[in-house]
Amino acid sequence: MLPVPHTAIIVVAAGSGTRLDAGAPKAFVGIDTHSILRHALDGVFAAAPAQVVVVAPPGFEGDAEAELRAAAGDRAELGRVVTGGETRQQSVAAGLAALWGDVRTVLVHDAARALTPPETIDAVVAAVGSETGVIPALPVVDTLKRVNEDDVVGAVDRSELAAAMTPQGFPRELLERAYDAARTAGADYTDDAALFAAAGHAVRRIEGSARGFKITTPADLDRARHLLSAASAEADSSPVRGARPSGALPRIGLGTDVHAFGGEGSLWLAGLEWPDEAALSGHSDGDAVAHAIVDALLGAAGLGDIGQHFGTAHPEYAGAHADVFLARTRQLVEEAGFAIGNVSAQFQSNRPRFSARRGEAEQVLSEALGGAPVTVTATTTDGLGFPGRGEGVAVTAVALVVPREKGGESA
Ligand code: CTP
Ligand code: MG
C-alpha cells in the first residue's frame, strides 16, 4: 500500500473537442502513438504522488481507465475514473465528489494541456497556501486592442495581463465551498481560479511553461506533434541518426493473417463477397486480407495491432466487413500524424480464383483507405501446407505510411 497522499489532481477530460473536430472526444485523439489524455497523465504521474481523478466523457470511462492504468504503472491504486458533466464546471464538481478524505490540496488540470511539464505541477502544489489559490500563467506577448465589432476603440496595457493555464491549485475545503456557492448561484465559470476568486479568495500566479499550451484547434495538435517528434529525434541515439533527415522518413509495416475455412454464409475476402465459395471463420467476416492490411498499417504507424483496436473487446466490429476496419484504421493512422502511402497484400489459397476480380477488390480496399493505392496478388502453394490442402487462407501485407507536413513550423 502506498501512503495516502494529501494532494489530489483532478484531470478533466470530459469535453467533446468541438473545435478540434477530430471525430472522437478530444482527450482520446492521438498526438503520436499516445492520446492527449495519456500524455497528460504521463505528466501527472511523473510529478509527486497524488490521488488522480480522471473525469471522462459519458461512455468513455473504460477507455479512460485503460489510459490511467497505462500511465500510472505501480501507482494504479492512486487513480480512479468518474463521469463528467455537460460543462467543465460540472465535470470538475464530479471530480471533487471523488476525493479521498485525507486530501488537503486539490489541483484541477485540463487533459487538453497534455504536454504540461511535471515541474509545473509540483510548483503549483508547493505554492498553494492555506487560503490562497495558485495558477500557472504566462505573460501576454501580443499587442492587444479593445474592439467594438470592427472598430479599434482603445489600447490595452499588456503588462496588466497574464494568460492563465492549468493545473490550478487550491485548498480543498475552500474550493469545495466555492463550487457549492457557484452551483447555488447558477453561475458558470470556465476556469477554477475565477470561481474561487468570486467566492472572495485570493489567487496568486507562478510562471507557467510554454509547453502547457492547450490543444484546442488542429493547429495546436500539429504543434504538440511537432514538439514530440522533435523530442524523440533528439532522444534517438542510434549510430545512423545523423544520416537521416529530421525524423521525416516514411515507415513500413508488415501484417500477416490466417483464417480457416468453415465459417457461416458466403466467403468475404479482399473486401468482396464471393457467393459460391466456402466461407472463412473469424470474429468478424474472416477477411484475412483486410486484417493483414490493418496490422501492416497499424505496425507502420506504431499503433499496436488489430487485437488492440478491433478485438473481442470491441463487439461493434463483430460481422463487420473490410470497409469498416480499413476506414477506422485510416483514421487512427492519420490521427497519429501519418498519411497512407500504399499497401500491397498477397494471399495463399487455392480458392477463390482471384484474377477476374482483382481490379474490383483493389478498388474497394483503396476506397476504404481514402484512395491510397492497394494492390492484391494471389498464389497457390503447389499443394503444400494448409493453404495447399484447402484448409484455409494465409495472407501477408506490407504498408507504407508517410509523416504528414507539420504546418509551417521549423525544427
Ligand atoms: N471539459 C470537461 N467537461 C466538459 C467540458 C470540458 O471535462 N463538459 C474539459 C476538457 O476535456 C478539457 C478542458 O475541460 O480537457 C478544457 O476544455 P476545452 O479545451 O474547451 O475542451 P473541449 O470542451 O473538449 O473543447 P471544445 O470547447 O472545442 O468543444
Ligand atoms: Mg470547451
Side-chain angles (χ1 to χ4, degrees), residues 8-31 34-45 47 51-68 71 79-99 106-117 120-121 124 133 135-138 163-170 175 178-179 182-183 186-196 208-225 335:
I9 305 176
I10 297 171
V11 180
V12 282
S16 53
T18 327
R19 288 167 287 179
L20 188 59
D21 194 20
K26 183 158 79 178
F28 299 96
V29 173
I31 305 181
H34 288 166
S35 66
I36 288 176
L37 177 59
R38 173 66 193 278
H39 278 285
L41 290 172
D42 282 346
V44 165
F45 281 100
Q51 184 193 3
V52 177
V53 180
V54 177
V55 187
F60 287 82
E61 295 85 350
D63 305 74
E65 193 78 48
E67 300 288 47
L68 179 60
R80 66 169 291 192
V81 173
V82 300
T83 309
E86 264 169 35
T87 63
R88 186 183 180 284
Q89 187 173 317
Q90 286 167 7
S91 293
V92 176
L96 286 172
L99 296 185
V106 184
L107 269 55
V108 184
H109 188 31
D110 289 339
R113 297 184 185 276
L115 304 186
T116 301
T120 303
I121 299 173
V124 170
I135 65 167
L138 282 175
M165 310 171 94
T166 73
Q168 303 188 344
F170 308 92
L175 184 66
Y179 260 86
R183 196 188 47 230
D188 186 50
Y189 297 92
T190 52
D191 138 286
D192 309 285
L195 179 149
F196 190 75
S209 158
R211 286 181 72 91
F213 72 94
K214 185 155 73 79
I215 300 174
T216 305
T217 63
D220 297 327
L221 187 60
D222 276 346
R223 180 177 170 198
R225 284 182 177 147
E335 281 171 9

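If you're wondering where the values come from, they're calculated on a predicted model, not measured in any experiment. Just so it is clear, the values below take in all heavy atoms, side chains as well, and ignore hydrogens, waters and symmetry mates. Order of listing sets the numbers, starting from 1, for every ligand and every atom in it.
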Could you tell me the residue and atom name of the protein heavy atom closest to atom 19 (O) of ligand 1, and the distance to it rounded to 0.1 Å? Lys214 NZ, 2.6 Å

Just how far is it from atom CG of Asp110 to atom CD of Gln168, taken to the nearest 0.5 Å? 8.0 Å

among protein heavy atoms, the one nearest atom 26 (P) of ligand 1 is Thr18 N, 3.5 Å

Contact summary for Ala40 and Ala111, nearest pair of heavy atoms: CB-O, 3.5 Å

Ignoring hydrogens and angles, tell me if any N or O in the side chain of Arg38 forms a donor-acceptor pair with the backbone of Glu67 under 3.5 Å. no

Does ligand 1 have a heavy atom under 4.0 Å from the side chain of Glu86, from its backbone, from both, or from neither? backbone

In short, Ala224 meets Ile215 closest at the heavy-atom pair CB-CD1, 3.8 Å

List the atom of Phe28, the atom of Pro57, and the distance in Å for their closest heavy-atom pair. CE1-CD, 3.8 Å

Taking atom 21 (O) of ligand 1 as the reference point, the nearest protein heavy atom with its distance: Lys26 NZ, 3.1 Å

Can you list the atoms of ligand 1 that are under 4.0 Å from a heavy atom of Ser16? 24 (O), 29 (O)

At what distance is the nearest protein heavy atom to atom 13 (C) of ligand 1, and which residue and atom is it? Asp110 OD1, 3.3 Å

Quick check: do Val82 and Ile10 have side-chain heavy atoms less than 4.5 Å from each other? no

Can you tell which of Gly95, Gly15, Gly84 gets a heavy atom nearest to atom 5 (C) of ligand 1? Gly15

To the nearest 0.1 Å, how far is atom 22 (P) of ligand 1 from its closest protein heavy atom, and which atom is that? Gly17 N, 3.7 Å

Under 3.5 Å, side chain of Ser35 to main-chain N/O of Val29, donor-acceptor pair present? no

For atom 9 (C) of ligand 1, grab the closest protein heavy atom and report residue, atom and distance to one decimal in Å. Val12 O, 3.8 Å

Minimum heavy-atom separation for Ala114 to Ile36, with atom names? CB-O, 3.5 Å

Hey, is Arg19 touching ligand 1 through its side chain, its backbone, both or neither, going by heavy atoms under 4.0 Å? both

With a cut-off of 4.0 Å, which atoms of ligand 1 are near a heavy atom of Ala112? 15 (O)

Shortest reach to atom 8 (N) of ligand 1 by a heavy atom, considering only Ala14, Pro25, Gly85, Ala114: Gly85

Could you report the tightest heavy-atom contact between Gly208 and Met165, atom names first, then the distance? CA-SD, 4.1 Å

Could you tell me which atoms of ligand 1, counted from 1 in the order shown, lie closer than 4.0 angstrom to a heavy atom of Ser91? 2 (C), 3 (N), 4 (C), 7 (O), 8 (N)

Asp192 and side chain to side chain contact (heavy atoms under 4.5 Å, CB included): which partner among Thr166, Val108, Ile135? Val108

Among the heavy atoms of Ala111, does any lie under 4.0 Å from an atom of ligand 1? yes

Is the shortest distance from a heavy atom of Thr87 to ligand 1 less than 4.0 Å? yes

Go through ligand 1 atom by atom and flag the ones less than 4.0 Å from a non-hydrogen atom of Ala13. 7 (O), 11 (O)

